[in-house]
Number of protein chains: 2
Amino acid sequence: MARFIHPDLKDVPLESMLHALSDPSRLAIVRCLNRNLADGGAGLACNAAVTEELPRATMSNHFTLLRGAGLIESRKKGVSVINRLRRDEVDARFPGLLDAVLGATGQGL
Amino acid sequence: MARFIHPDLKDVPLESMLHALSDPSRLAIVRCLNRNLADGGAGLACNAAVTEELPRATMSNHFTLLRGAGLIESRKKGVSVINRLRRDEVDARFPGLLDAVLGATGQGL
DNA sequence: TCCAATAGTTCAAGATATCCGAACAACGGA
DNA sequence: TCCGTTGTTCGGATATCTTGAACTATTGGA
């Protein structure tokens, strides 16, 4: 099982980040991780960050994509993978983007 | 040839808008239309809003998608279609989003 | 130590979406 | 009316996404 790859945010194009955020399931995960971060949490396991019922393979793909877009950092902890939103780094790379996305209302949240 | 469909912004989910913006060609179009708007322009024909060389069918698809996401308004003018960024409405619906997206730097612009 | 349970990953195939050439429609000008 | 221009539509090729099944890694208990 390969180690997780976490890109430097400066190498992440805006398009990749927007694409990662443009899926309802992934957006829900990001919202969830953002709440956890705001609450001083240490991150969430994949299954704990997913609200809806989702096939495991699909969930795994979503997390891989979020990692690839620089949105989350993942580390193995026992049998789980703990995920953390890279809030500060994303904010530094794309100022205001996460604020706008996470602050948006209507249409399911 | 069917008339253009312009959704009410309140019916546009954030995911659709992010998806529309997550493509390099479409993002370039939006940037172009934003400049035109800032310069007091009356909008741009499809081919004038596209920087790179792009097949016509592909270009048409991109504009249809941008319209469907509520990002642009299109009207027929002679043989052309004039497109305008729906800046104010998008800003009202998703405050700060376009600022963040259009203000982003690095990685090709 | 061995076995079962849990959390995710990987693979591969089917479902979806995107891309783009070719044919077409709409309009303006000569 | 005929032609050139702009963009749309259609359909097939290509790429991406989804997900069941098999697998890996780790923990806890017998």
Side-chain angles (χ1 to χ4, degrees), chain A residues 1-6 13 15-30 32-33 36 41-69 71-84, chain B residues 1-6 12-13 15-30 32-33 36 41-69 71-85:
Chain A
M1 221 172 261
R3 193 90 264 112
F4 299 128
I5 294 164
H6 297 106
E15 292 87 340
S16 302
M17 175 109 353
L18 293 174
H19 177 247
L21 292 168
S22 72
D23 175 90
S25 302
R26 289 195 294 266
L27 195 47
I29 291 169
V30 170
C32 204
L33 292 178
N36 177 260
L44 290 173
C46 294
N47 66 9
V50 170
T51 53
E52 52 190 328
E53 202 56 47
L54 213 57
R56 290 170 156 225
T58 305
M59 180 191 79
S60 185
N61 276 341
H62 284 322
F63 278 92
T64 301
L65 204 150
L66 288 169
R67 256 196 308 279
L71 271 162
I72 66 172
E73 184 243 23
S74 309
R75 63 182 186 285
K76 203 122 207 277
K77 172 97 178 280
V79 81
S80 304
V81 172
I82 304 298
N83 303 279
R84 187 184 61 80
Chain B
M1 222 171 257
R3 193 89 266 110
F4 299 129
I5 294 164
H6 297 105
V12 174
E15 292 87 340
S16 302
M17 175 115 344
L18 293 173
H19 178 246
L21 293 167
S22 72
D23 175 90
S25 302
R26 289 194 294 266
L27 195 47
I29 291 169
V30 170
C32 204
L33 292 179
N36 176 261
L44 291 172
C46 294
N47 65 8
V50 171
T51 52
E52 52 190 327
E53 201 56 47
L54 214 56
R56 290 168 158 226
T58 304
M59 181 191 77
S60 185
N61 277 341
H62 283 324
F63 277 92
T64 301
L65 204 149
L66 288 169
R67 255 195 309 278
L71 272 161
I72 66 172
E73 185 242 24
S74 310
R75 63 183 185 283
K76 203 121 209 281
K77 173 97 178 279
V79 81
S80 303
V81 173
I82 305 298
N83 303 279
R84 185 184 61 79
L85 185 62

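These numbers come from a predicted model, not from an experiment. Throughout, protein chains are lettered first and strands after them, A, B, ... in sequence-line order, and every chain is numbered starting at 1.
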Show the nearest heavy-atom pair for residues [X] and [Y], with the distance to one decimal.
{"X": "B/C32", "Y": "B/A48", "value": "SG-O, 4.0 Å"}
{"X": "A/F63", "Y": "A/A49", "value": "CZ-CB, 4.0 Å"}
{"X": "B/V12", "Y": "B/A69", "value": "CG1-O, 3.4 Å"}
{"X": "B/H6", "Y": "B/R67", "value": "NE2-CD, 3.6 Å"}
{"X": "A/R3", "Y": "A/K76", "value": "NH2-CB, 3.8 Å"}

Return yes if some donor-acceptor pair links the side-chain N/O of [X] with the main-chain N/O of [Y] below 3.5 Å, else return no.
{"X": "A/N83", "Y": "A/S74", "value": "no"}
{"X": "A/R26", "Y": "A/H19", "value": "yes"}
{"X": "B/S60", "Y": "B/R56", "value": "no"}

Students often get this wrong, so: under 4.0 angstrom with heavy atoms, is A/R67 touching a base, only sugar-phosphate, or nothing? sugar-phosphate
Overall bend - the helix from C/dT1-D/dA30 to C/dA30-D/dT1, comparing terminal axes fitted on five pairs, nearest 10 degrees: 10°
Atom [atom1] of [X] and atom [atom2] of [N]: how far apart are they, to the nearest Å?
{"X": "A/K76", "N": "D/dT27", "atom1": "NZ", "atom2": "P", "result": "8 Å"}
{"X": "B/K77", "N": "D/dT5", "atom1": "NZ", "atom2": "C1'", "result": "16 Å"}
{"X": "B/L66", "N": "C/dT18", "atom1": "CG", "atom2": "C1'", "result": "14 Å"}
{"X": "A/R75", "N": "C/dA7", "atom1": "CZ", "atom2": "P", "result": "17 Å"}

Which residues in residues 52-65 of chain B have a heavy atom closer than 4.0 Å to any atom of DNA chain C? B/P55, B/A57, B/T58, B/N61, B/H62
CA sep, side-chain torsions, deciding dist, call: A/L71, A/M17, side chain to side chain contact (heavy atoms under 4.5 Å, CB included): CA-CA 7 Å; A/L71 271 162; A/M17 175 109 353; 3.7 Å; yes
Does D/dG7 have OP1 or OP2 sitting under 4.0 Å from an N or O in the side chain of B/N47? yes
Can you find a pair of side-chain heavy atoms, one from A/H62 and one from A/L54, that are under 4.5 Å apart? yes
Residue mapping more 5' on DNA chain C - nearest nucleotide basis, B/D23 or A/I82: A/I82
From the set C/dA7, C/dT9, D/dG7, return the single nucleotide nearest to any side-chain atom of B/S80. D/dG7
Apply side chain to side chain contact (heavy atoms under 4.5 Å, CB included) to the pair B/E52 and B/V50, showing each step before the final yes or no. CA-CA 6 Å; B/E52 52 190 327; B/V50 171; 4.2 Å; yes
Report each atom pair, protein N/O against N/O of nucleotides 1-5 of chain C, whose distance is under 3.5 angstrom.
none

